[in-house]
Amino acid sequence: MKTILILGGGIGGIVSANELRKALPSNHKIILIEKNPIHSFAPSFIWLMTGARKISDIQVKLEKLLLPGIELIISEVNNIDVSNKTIKAGNKIFSFDYLIIALGTELNPESIPGLTSATNTFYTLEGSLKIYEDLSNFKGGSIAVVVCSLPYKCPGAPHEGSLLISDYYRKKGMRDKVTINFYTPESQPMPVAGPELGSAVEDLIKSKNIAFNPIHKLKSVDNENRLLFFENKEPVNYDLLIIIPPHRSPAVLKESALANESGWLPVDINTLESKYDNVFAIGDVTSISIPGRWKKDIPMNLPKAGVFAHSQAETVAKIISDRIAGNNSASKFEGFGYCMIEAGNGESGFAYGNFYGEPNPIIHLSNVKRRWHLGKVLFEKWWLTPIGLKRSFYQYLLKISVKILRIPINI
Ligand SMILES: Cc1cc2nc3c(=O)[nH]c(=O)nc-3n(C[C@H](O)[C@H](O)[C@H](O)COP(=O)(O)OP(=O)(O)OC[C@H]3O[C@@H](n4cnc5c(N)ncnc54)[C@H](O)[C@@H]3O)c2cc1C
């Protein structure tokens, strides 16, 4: 009998627990440790922010997303000891034969003077609700959407957020009373995906009358006078500030032997195994330097996104179940990913491709269409539906849609 411990019950943790339970005989133990009993689906925060969703639409009890036979422990992991193959959560020590770390990221707004956890952001559930209130009460003026620093999760989300804010005011008939400025330290949207995708997203943003301001690295904020200070730029005024806060790796990881100097967890790019045997990491917590780079001078990492956490979880579950069965595993994560970019007006763009492509990532962008938006909504419905017949039905619909549209993705 083997024990597989999974740390973190977000996207990667949920998928790996379910895939392992499907693949392994019931005498093997699968234990998932997560601090929050309620799962909130982060990709829906942008809809919470504009009032298109209520909290109850995008939350579900975590236990309802897990197959029978998975032991769920609601507790905070506070120590990872890979040498002794134990972890500590609350006051309990757990031993493991295989470990999957899927602890995601933490937000760290306080690292920039003037920002606090109360600064508006649609990167949290509470923040998205607060922005909805602020957008509703806003009588007009300038809105600044600021990506504070790199890395941040979901390279598409800040752009989607800005596009949906624009759409919110269009629907309210007051778009002409609002200016929207997007600031980012990057030289283009989603640099890792190459110049063509970057220009396409930039054009999309500009087509909605949102000013795109690249190479703006936020230094500090003067809340009283509503001023933003960027490195080597003149101060900028705002009336309503919305940030994508700085991200950092989870504290418990930094204190372990696994983290690199930046706090993230380097893993093999195909097997997701760390430098310790049978210790894997998936999703946002990892640091994966991608093989192809269209800009040689910029070190590029695989973006932090749910789509990667999801398929990495499938790969790792297969590798572990193969090893337990005594087989050599050929399972590999090969860098494929996709993303629907909400553009407003019930439409989305769709980007997909191979982020491990060489010499450069090979990413395709399909025009903004209603069908991609519907695909995103269907995915959300499937993800948030408790295990059971209804969920299987949504999964079937997703599979059919992917086939009909000939999208090369695995659902
Ligand atoms: C606004 C927004 C929109 C997004 N849109 C998309 C999208 O359209 N497509 C896409 O692919 N991605 C999207 N993402 C990104 C996606 O949500 C993340 O990349 C994904 O959730 C990462 O999965 P993960 O399993 O690595 O981490 P998470 O899903 O963040 O899970 C980590 C889990 O670990 C738990 N945890 C952390 N520390 C501890 C501890 N010490 N003890 C116990 N539990 C702990 C956390 O509570 C959390 O549940 C979006 C993100 C945001 C914020």
Side-chain angles (χ1 to χ4, degrees), residues 5-17 31-50 53 58-59 62 65 72-80 87-90 94 100-107 121-125 127-128 131 145 151-162 164 242-245 247-256 264-265 272 281-286 288 302-313 316 337-342 348-352 355 372-373 375-377 379-380 383 409:
L5 268 191
I6 302 166
L7 311 185
I11 292 183
I14 293 170
V15 175
S16 45
I31 304 176
L32 175 64
I33 307 180
E34 162 62 49
K35 60 183 174 185
N36 193 341
I38 306 291
H39 176 77
S40 305
F41 189 52
S44 301
F45 290 170
I46 50 172
W47 289 323
L48 197 63
M49 166 182 85
T50 54
R53 297 287 185 281
I58 68 162
Q59 284 194 323
L62 176 56
L65 297 180
L72 173 62
I73 309 280
I74 300 298
S75 187
E76 180 149 358
V77 177
N78 40 40
N79 185 256
I80 304 173
I87 78 105
K88 192 169 170 223
F94 297 81
I100 303 178
I101 300 172
L103 291 169
T105 61
E106 291 175 358
L107 301 179
T121 179
F122 52 87
Y123 265 51
T124 63
L125 183 100
S128 307
I131 297 177
V145 179
Y152 60 93
K153 57 186 157 188
C154 192
H159 310 92
E160 288 183 292
S162 313
L164 289 191
I242 296 176
I243 58 160
I244 305 346
H247 288 40
R248 67 178 176 206
S249 71
V252 64
L253 178 69
K254 267 191 231 147
E255 290 150 15
S256 76
W264 305 105
L265 207 163
L272 293 316
I282 55 176
D284 291 355
V285 83
T286 59
I288 296 179
L302 187 72
K304 300 188 184 301
V307 64
F308 297 123
H310 190 135
S311 49
Q312 291 168 353
V316 167
Y338 63 91
C339 162
M340 285 94 161
I341 302 167
E342 278 288 274
S348 291
F350 180 69
Y352 68 94
F355 285 77
W372 308 129
H373 165 75
K376 191 163 172 124
V377 173
F379 189 93
E380 177 202 38
W383 182 265
I409 59 176

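None of these values were measured; they are calculated from a predicted model. Order of appearance sets the numbers: ligands from 1, and atoms from 1 within every ligand.
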- Query: Nearest heavy-atom pair of A309 and G283: which atoms, and what distance?
  - Reply: CB-CA, 3.7 Å
- Does K153 reach ligand 1 with a nitrogen or oxygen that is under 3.5 Å from one of the ligand's nitrogen or oxygen atoms? no
- Task: Write out the residue and atom name of the closest protein heavy atom to atom 28 (P) of ligand 1, then the distance separating them to 0.1 Å.
- Result: G10 CA, 4.0 Å
- Nearest-contact summary for atom 53 (C) of ligand 1 - protein heavy atom, Å: Y123 CD2, 3.6 Å
- Donor on one side chain, acceptor on other, H39 and W383, under 3.5 Å: yes
- Message: For T105 and W264: C-alpha separation, side-chain torsions, deciding distance, then whether side chain to side chain contact (heavy atoms under 4.5 Å, CB included) applies.
- Response: CA-CA 9 Å; T105 61; W264 305 105; 3.7 Å; yes
- Query: Within the structure, does V77 bring an N/O atom to less than 3.5 angstrom of an N/O atom in ligand 1?
  - Reply: yes
- For ligand 1, is any non-hydrogen atom under 4.0 Å from S75's backbone (N, CA, C, O), its side chain (CB onward), both, or neither? backbone
- Under 4.0 Å to a heavy atom of G283 - the qualifying atoms of ligand 1, by number: 26 (O)
- Task: Look at atom 26 (O) of ligand 1 and say which protein heavy atom is nearest, naming residue and atom and giving the distance to 0.1 Å.
- Result: D284 N, 2.9 Å
- In the protein, what heavy atom is nearest to atom 7 (C) of ligand 1, and what distance, to one decimal place, separates them? C154 SG, 3.7 Å
- Side chain, backbone, both or neither: which part of K376 has a heavy atom under 4.0 Å from ligand 1? side chain
- Would you say S256's side chain and I80's backbone share a donor-acceptor pair under 3.5 angstrom? no
- Option of least heavy-atom distance to atom 51 (C) of ligand 1 (set: A42, G12, S128): A42
- Write out the residue and atom name of the closest protein heavy atom to atom 4 (C) of ligand 1, then the distance separating them to 0.1 Å. P43 CA, 3.6 Å
- Note on the structure: Residues L107 and P245: closest non-hydrogen pair is CD1-CG, 4.1 Å
- Item | Proximity to ligand 1 by part of A309, non-hydrogen separation under 4.0 Å | side chain
- Item | Closest non-hydrogen atom pair between H310 and F379, with its separation | ND1-CZ, 4.3 Å
- Residues in side chain to side chain donor-acceptor pair (under 3.5 Å) with Y123, at least two apart? none
- Message: Looking only at distances, can you tell me whether any N or O atom of V307, backbone or side chain, sits closer than 3.5 Å to an N or O atom of ligand 1?
- Response: yes
- Atoms in ligand 1 flagged as close to F122, the criterion being non-hydrogen separation under 4.0 Å: 1 (C)
- Message: Tell me the protein heavy atom at minimum distance from atom 45 (C) of ligand 1, and give that distance in Å.
- Response: L103 CD2, 3.6 Å
- Message: Under 3.5 Å between any N/O of F45 and any N/O of ligand 1: does that happen in this structure?
- Response: no
- Identify the two heavy atoms, one from G13 and one from A102, that lie closest to each other, and give their separation to 0.1 Å. N-CB, 3.8 Å
- Query: Below 3.5 angstrom, do we get any N/O pair linking K35 and ligand 1?
  - Reply: yes
- Item | Any V285 heavy atom less than 4.0 Å to ligand 1 | no
- Message: I need the atoms of ligand 1 closer than 4.0 Å to a non-hydrogen atom of A102, numbered in the order shown.
- Response: 31 (O), 32 (C), 33 (C), 34 (O)
- Check whether any side-chain N or O of T121 sits under 3.5 Å from a backbone N or O of I243 as a donor-acceptor pair, and report yes or no. yes
- Item | Taking every non-hydrogen atom, the tightest pair across P37 and I74 | CA-CD1, 3.7 Å
- Which residue and non-hydrogen atom of the protein lie closest to atom 10 (C) of ligand 1, and at what distance in Å? G306 N, 3.4 Å
- Query: Between P250 and ligand 1, which residue portion shows a heavy-atom distance shorter than 4.0 Å: side chain, backbone, both, or neither?
  - Reply: neither
- Query: Stepwise, does the salt bridge (charged side-chain N to carboxylate O under 4.0 Å, His left out) test hold for E106 with K254?
  - Reply: CA-CA 12 Å; E106 291 175 358; K254 267 191 231 147; 5.8 Å; no
- Message: How far is atom 30 (O) of ligand 1 from the closest protein heavy atom, and which atom is that?
- Response: G104 CA, 4.0 Å
- Not counting sequence neighbours, which residues clear salt bridge (Lys or Arg N to Asp or Glu O under 4.0 Å) with K304? List them please. none
- Query: Without hydrogens or angle criteria, can the side chains of W47 and E342 be said to hold a donor-acceptor pair below 3.5 Å?
  - Reply: yes
- Task: From the options E380, E34, H39, M340, select the one whose nearest heavy atom is closest to atom 33 (C) of ligand 1.
- Result: E34
- Of all the heavy-atom pairs spanning F45 and S128, show the shortest one and how long it is. CB-OG, 3.4 Å
